[in-house]
Student: 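Input: one structure, supplied below.
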Amino acid sequence: CKRAVAVWHRRSGKDDVALHWTACQAVQKPGTYWHLLPQQNQARKAIWDAVDPHSGMRRIDWAFPKELRESTREQDMLIRLKNGSTWQVVGSDSYNALVGSPPAGIVYSEYMLSDPNAWSFMRPILLENGGWALFNGTPRGRNHLHALYELGQREEGWFSQLLTVDDTGVLTPAQVAQEQREVARERGDEEAGNYIRQEF
């Protein structure tokens, strides 16, 4: 498929999977690849500069080993691979600056917080060149991520998946229960229940 929606719980590894998927795609098919977060400054903190707590490596170094790279431009948050592919971290808040470029693949991370126009303006480009788009996020109500998730459930050529902590085992039931108790003390039982259902 060329379109995928991953509605996964908080701390499930959404961006790590997306980074590794993109790295594999960039090696197999030379092209331009983007990883969009809702805001440019968020993109630098969450992806470019972030250190994976499990490996101790920068997320980008884990996904794009230096042996694959021709160059790395820190200021532009851009990696050029030896095969000619480029991968860049950008903010969907500056989508107008991206129009006209021909990406082969785009990750929309935390899509529920992004301006949906960032997808509207890119979709014709991917349609014309056969490129792919991956949308990920944790639910925050019935919004444009929710709409894409439902579309992906019924549209041919789409992959759409919902994963909870019960599916992944990333957090234990005891950890989730403790989180719920703590939030309930701060905000009350009803809000704590809503929070747990949303995040986990």
Side-chain angles (χ1 to χ4, degrees), residues 1-8 12-111 113-115 118-137 145 148 152 157-161 163:
C1 66
K2 296 288 184 179
R3 307 289 180 262
V5 183
V7 180
W8 296 358
S12 60
K14 299 178 290 293
D15 279 319
D16 289 328
V17 169
L19 286 169
H20 288 272
W21 166 260
T22 306
C24 291
Q25 295 298 301
V27 167
Q28 293 174 29
K29 181 183 178 187
T32 299
Y33 297 87
W34 294 330
H35 196 107
L36 277 70
L37 271 88
Q39 297 175 345
Q40 184 77 11
N41 62 349
Q42 180 186 26
R44 180 169 290 282
K45 286 185 285 191
I47 301 298
W48 190 261
D49 290 336
V51 174
D52 175 72
H54 304 290
S55 70
M57 297 174 65
R58 277 176 73 183
R59 295 173 98 177
I60 61 168
D61 295 337
W62 191 31
F64 296 91
K66 294 186 179 178
E67 294 80 8
L68 297 176
R69 300 183 201 179
E70 179 182 300
S71 62
T72 303
R73 294 193 339 225
E74 290 285 336
Q75 184 174 346
D76 298 324
M77 294 188 290
L78 184 139
I79 293 172
R80 181 176 301 281
L81 301 184
K82 291 178 180 175
N83 71 348
S85 284
T86 61
W87 174 82
Q88 188 171 19
V89 185
V90 292
S92 62
D93 56 342
S94 59
Y95 64 86
N96 281 319
L98 302 174
V99 173
S101 297
I106 305 174
V107 172
Y108 290 89
S109 180
E110 301 292 346
Y111 184 64
L113 301 177
S114 299
D115 182 339
W119 168 232
S120 297
F121 282 96
M122 293 298 121
R123 63 190 307 150
I125 297 167
L126 297 180
L127 183 63
E128 184 273 329
N129 72 9
W132 55 264
L134 166 61
F135 306 86
N136 76 34
L145 176 64
L148 277 186
W158 282 70
F159 172 81
S160 185
Q161 184 181 53
L163 291 180

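Predicted, not measured: the structure shown is a model, and the values here were computed from it. All values below come from the heavy atoms of this structure, side chains included, with hydrogens, waters and symmetry mates left out.
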Student: Given 3.5 Å as the limit, does a donor-acceptor pair link the side chain of Asp61 with the main chain of Lys66, or not?
Tutor: no
Student: I'd like to check Leu36 versus Val107 (side-chain heavy atoms, cut-off strictly below 4.5 Å). Are they in contact?
Tutor: no
Student: Using modelled atom types only, decide if a donor and an acceptor are shared between the side chain of Arg44 and the backbone of Gln75 within a distance under 3.5 Å.
Tutor: yes
Student: If a pair satisfies salt bridge (Lys or Arg N to Asp or Glu O under 4.0 Å) and one of its residues is in residues 71-87, list it, with sequence neighbours excluded.
Tutor: Arg58-Glu74, Arg73-Asp76
Student: Can you tell me how far CG of Asp93 sits from CG of Leu37, rounded to the nearest 0.5 angstrom?
Tutor: 10.0 Å
Student: To the nearest 0.5 Å, what is the distance between OG1 on Thr86 and CD on Glu70?
Tutor: 11.0 Å
Student: Report the distance from atom CG of Asn129 to atom NZ of Lys2, rounding to the nearest 0.5 Å.
Tutor: 8.5 Å
Student: I want to check something: taking the side chain as every heavy atom from C-beta on, are Trp8 and Val17 in contact at a cut-off of under 4.5 Å?
Tutor: yes
Student: Could you work out, with salt bridge (charged side-chain N to carboxylate O under 4.0 Å, His left out) as the rule, every residue matching Arg59, not counting sequence neighbours?
Tutor: Asp16
Student: Are the side chains of Met57 and Asp52 in touch, meaning some heavy atoms are under 4.5 Å apart?
Tutor: no
Student: Nearest heavy-atom pair of Ala26 and Ser85: which atoms, and what distance?
Tutor: O-OG, 2.7 Å
Student: Please check this pair: side chain of Arg3 against backbone of Phe159, looking for a donor-acceptor N/O pair closer than 3.5 Å.
Tutor: no
Student: Examine distances only and state if a side-chain atom of Gln88 and a backbone atom of Leu78 form a donor-acceptor pair shorter than 3.5 Å.
Tutor: no
Student: What are the two closest non-hydrogen atoms of Gly152 and Trp158, and how far apart are they?
Tutor: CA-CB, 3.7 Å
Student: Where is the tightest heavy-atom contact between Ala133 and Trp119, given as atom of each residue plus distance?
Tutor: CB-CZ3, 3.7 Å
Student: Could you check whether the rings of Trp132 and Trp21 sit parallel, tilted or perpendicular, using 30° and 60° as the cut-offs?
Tutor: perpendicular
Student: Closest approach of Leu134 and Ala18, non-hydrogen atoms and distance?
Tutor: CD2-CB, 3.7 Å
Student: Indicate the atoms forming the closest heavy-atom contact of Pro102 with Ile125, along with that distance.
Tutor: CA-CG2, 3.9 Å
Student: Would you mind telling me which of Val27, Asn83, Ile79 makes a side chain to side chain contact (heavy atoms under 4.5 Å, CB included) with Leu68?
Tutor: Val27
Student: How about Ser114 and Glu110: do any of their side-chain heavy atoms sit closer than 4.5 Å?
Tutor: no
Student: Are the side chains of Asp15 and Asn136 in contact, using a 4.5 Å heavy-atom criterion?
Tutor: yes
Student: Mind checking the CG-NZ spacing from Leu19 to Lys14? Nearest 0.5 Å is all I need.
Tutor: 12.5 Å
Student: Anything under 30° is parallel, anything over 60° is perpendicular, the rest tilted; go ahead and classify Phe135 against Tyr108.
Tutor: parallel
Student: To the closest 0.5 Å, what do you measure between CH2 (Trp87) and CD1 (Ile47)?
Tutor: 6.5 Å
Student: Counting distance only, does the side-chain N/O of Ser101 pair as donor-acceptor with the main-chain N or O of Pro103 below 3.5 Å?
Tutor: no
Student: Indicate whether any N or O donor in one side chain lies under 3.5 Å from an N or O acceptor in the other, for Ser92 and Asp115.
Tutor: no
Student: Apply side chain to side chain contact (heavy atoms under 4.5 Å, CB included) to residues Ile106 and Tyr33 and explain how you reach the verdict.
Tutor: CA-CA 6 Å; Ile106 305 174; Tyr33 297 87; over 6 Å; no
Student: Would you call Gln161 and Leu163 a side-chain contact if the rule is heavy atoms closer than 4.5 Å?
Tutor: yes
Student: Which heavy atom of Ser94 sits nearest to which heavy atom of Gln40, and what is that distance?
Tutor: OG-OE1, 4.2 Å
